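The next block holds one structure in the form of structure tokens; read it before the comments.
Chain A is the first sequence line, chain B the second, and so forth, proteins listed ahead of strands; every chain is numbered from 1. Computed from a predicted model, the values in this text were never measured in an experiment.
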Protein chains: 2
Amino acid sequence: MTTALKRIEREPLWDLAHAQLRDALLAGRFEPGTVLTLRSLAESFGTSITPVRDAVTRLVAQGVLQQGPRNSAIVPNLSRKELADLTVVRCALEGRAAREAALQRHDDATLRRLEERLATMQSLIQARKLESYLEHHRKFHFGIYAMSGIPLMVETIENMWLRCGPVLSFVIPEYVVLLKGWDHHTAALKAIMAGDADGAEREIVADISEAAHYLAGLADSTGQLKRPSG
Amino acid sequence: MTTALKRIEREPLWDLAHAQLRDALLAGRFEPGTVLTLRSLAESFGTSITPVRDAVTRLVAQGVLQQGPRNSAIVPNLSRKELADLTVVRCALEGRAAREAALQRHDDATLRRLEERLATMQSLIQARKLESYLEHHRKFHFGIYAMSGIPLMVETIENMWLRCGPVLSFVIPEYVVLLKGWDHHTAALKAIMAGDADGAEREIVADISEAAHYLAGLADSTGQLKRPSG
DNA sequence: CCATGTTGTTTGTTATAACAAACAACAAAA
DNA sequence: TTTTGTTGTTTGTTATAACAAACAACATGG
């Protein structure tokens with residue numbers, strides 16, 4: 001039976017605020033180092049401070065926002081060391097997820113969808129549509145991780161991506177255009193389809209490591225990552 | 001210069017509530033499946049609902065508490081599948097942490113402290129002081145993970161431990177007394193001291209896997225983990 | 001006896017106000 | 001000029017009240 005009536009769901013305001021902040025962080029729309037004040041956020045959302053307080057509390061608990069002095073929430077500015085740490089954790093997690101994905105059977109529809117997305121990504125790069133490329137790039141990675149069949153894994157990896165969200169936008173202009181990581185993506189997918197667990201893990205780890213190595217080059221003398229001025 | 005005066009810091013009420021709930025969860029003082037209502041928690045803490053709301057929001061954001069219908073917070077009851085997922089993630093994370101720990105040099109004081117703790121754990125088992133054994137067991141594991149030099153790793157692993165906190169108490173009566181996992185602990189520490197990365201990872205993974213295998217045997221026909229009646 | 005409608009209670013959500021700590025600007029004294 | 005004290009503003013914290021949805025108990029009608 002099909003539901004004739006649409007399900008009633010009144011999403012709480014703090015949930016909407018949380019999602020909006022989350023997307024803004026992931027897209028790099030907040031300059032690293034910015035302090036987010038409850039009242040200004042409340043004003044921009046058109047609500048009282050109570051819902052935005054819940055949202056910010058949640059973000060801080062997830063480690064997405066750093067808590068500065070006086071429990072203020074600031075969008076994190078990654079140092080070279082923090083980026084290296086993030087890379088180690090991401091490699092362990094995402095490498096393992098790719099391995100688990102390779103160990104399981106998948107229906108053709110799922111695999112074909114990923115192949116199509118890969119093709120889309122290539123054309124988006126050549127068309128220099130960088131912002132929508134990043135969206136597909138993200139969905140490609142998480143499409144693989146979802147194939148592990150471990151929701152907790154996906155959730156944890158998502159948390160790591162959120163943490164490097166603000167600096168992730170730094171990578172757009174130069175790195176992506178050079179098709180860096182392109183071969184790793186195709187090789188990883190091919191390995192998963194072939195059931196090659198070692199290969200899948202190796203390619204994903206290589207993809208992450210190389211991107212991190214590129215990003216590390218953007219650090220200044222103090223170790224802080226900076227957006228390339230070009 | 002040494003600070004002559006102690007730093008002034010008035011911890012927020014919701015931080016205290018968060019810590020108390022966190023410890024109670026980790027110690028298994030809440031029966032899995034219990035729904036935590038804001039007003040009852042507020043009454044037991046002697047505060048208004050605002051601080052406890054912040055604390056609960058944080059716990060839910062961390063995945064420590066599950067959110068049931070009507071955004072209510074319930075202490076999670078792990079299924080066999082969720083335990084298996086948790087085990088995969090923990091092995092990837094904690095195995096890698098042990099590996100990183102083995103790759104670095106450590107001062108003798110740190111290593112000796114861990115050896116002493118290991119001895120303490122053994123005597124606590126033989127004296128059947130199970131609850132304080134678990135405390136030392138936890139500190140031993142995290143002592144190793146801290147030696148990786150990666151705070152993010154420690155933080156993420158801590159999150160995973162929190163998630164299996166409620167059922168972790170199930171393991172106390174029988175498993176620990178049998179000295180299961182004892183050899184893995186000593187072997188892991190020895191491997192780290194010898195700089196044997198492969199061995200360190202292997203032993204930690206074995207420790208986690210065997211405990212998980214034991215726990216999985218406690219699942220009922222529906223897949224829910226139950227406290228042994230004995 | 002069962003189904004249905006009503007009502008009261010419980011519970012999360014949101015807004016608002018009062019509060020305290022921190023910070024910035026400015027003024028006054030050395 | 002520099003330092004110090006004051007003041008006003010900003011900002012997170014907490015309590016409280018009003019609100020709405022969900023649930024349970026009970027009553028009512030078939």
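With sequence neighbours excluded, the residues that form a salt bridge (charged side-chain N to carboxylate O under 4.0 Å, His left out) with R90(A) are E94(A). Scored by the side chain to side chain donor-acceptor pair (under 3.5 Å) test, E201(B) finds R99(B) as partners (sequence neighbours excluded). Every residue meeting the side chain to side chain donor-acceptor pair (under 3.5 Å) condition with E82(B), not counting sequence neighbours, appears here in chain and number order: S79(B). Here D15(B) pairs with E11(B), P12(B), R58(B) under the side-chain contact (heavy atoms from CB on, under 4.5 Å) rule; sequence neighbours left out. Taking the salt bridge (charged side-chain N to carboxylate O under 4.0 Å, His left out) definition, one finds that R138(B) meets it with E135(B), sequence neighbours left out. The side chain to side chain donor-acceptor pair (under 3.5 Å) check on T37(A) picks up S40(A), with sequence neighbours excluded. Applying the salt bridge (charged side-chain N to carboxylate O under 4.0 Å, His left out) rule to R163(A) yields the partners E155(B); only residues at least two apart in sequence or on another chain are considered. Contacts of H141(A) classified as ring-ring contact (aromatic ring centres under 6.0 Å, His included), with partners at least two apart in sequence or in another chain: H137(A), Y145(A), W161(A), H185(A).
For DNA chain C, the residues of residues 12-23 of chain A within the heavy-atom distance limit of 4.0 Å (strictly under) are P12(A), L13(A), W14(A), sorted by number. Within a heavy-atom distance below 4.0 Å of DNA chain D, no residue of residues 57-68 of chain A is found.
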Listed pairs under 3.5 Å, donor-acceptor, residues 18-29 of chain B side chains, sequence neighbours left out:
residue, atom, partner, partner atom, Å
R22(B), NH2, E158(B), OE2, 3.0

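Between I74(A) atom CD1 and dT11(D) atom C1' the separation is 15 Å, expressed in whole Å. Atom CG in L38(B) sits about 15 Å away from atom P in dT14(D), given to the nearest Å. The CD-P distance, from E11(B) to dG12(D), rounds to 18 Å in whole Å. The distance from atom CG of D54(B) to atom P of dT14(D) is 8 Å, rounded to the nearest whole Å.
Counting any heavy atom pair closer than 4.0 Å across all strands shown, L36(A) reaches sugar-phosphate atoms only and no base atom. Among the atoms of the strands shown, base atoms are found under 4.0 Å from some heavy atom of T50(A).
For the pair P69(A) and G46(A), both in contact range of DNA chain C, the more 5′-proximal nearest nucleotide belongs to G46(A). Nearer the 5' end of DNA chain C, as judged by each residue's closest nucleotide, is the contact made by T37(B), out of T37(B) and T47(A).
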Collect all protein-nucleotide pairs involving nucleotides 18-20 of chain D in which both atoms are nitrogen or oxygen and the distance is under 3.5 Å.
none

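With salt bridges taken as basic N to acidic carboxylate O contacts below 4.0 Å, one links E100(A) and R96(A).
Taking 4.0 angstrom as the limit, N71(A) places none of its side-chain polar atoms (N or O) nearer than this to OP1 or OP2 of dT11(D).
Interatomic distance, H213(B) NE2 to L83(B) CG, rounded to the nearest 0.5 Å: 11.0 Å.
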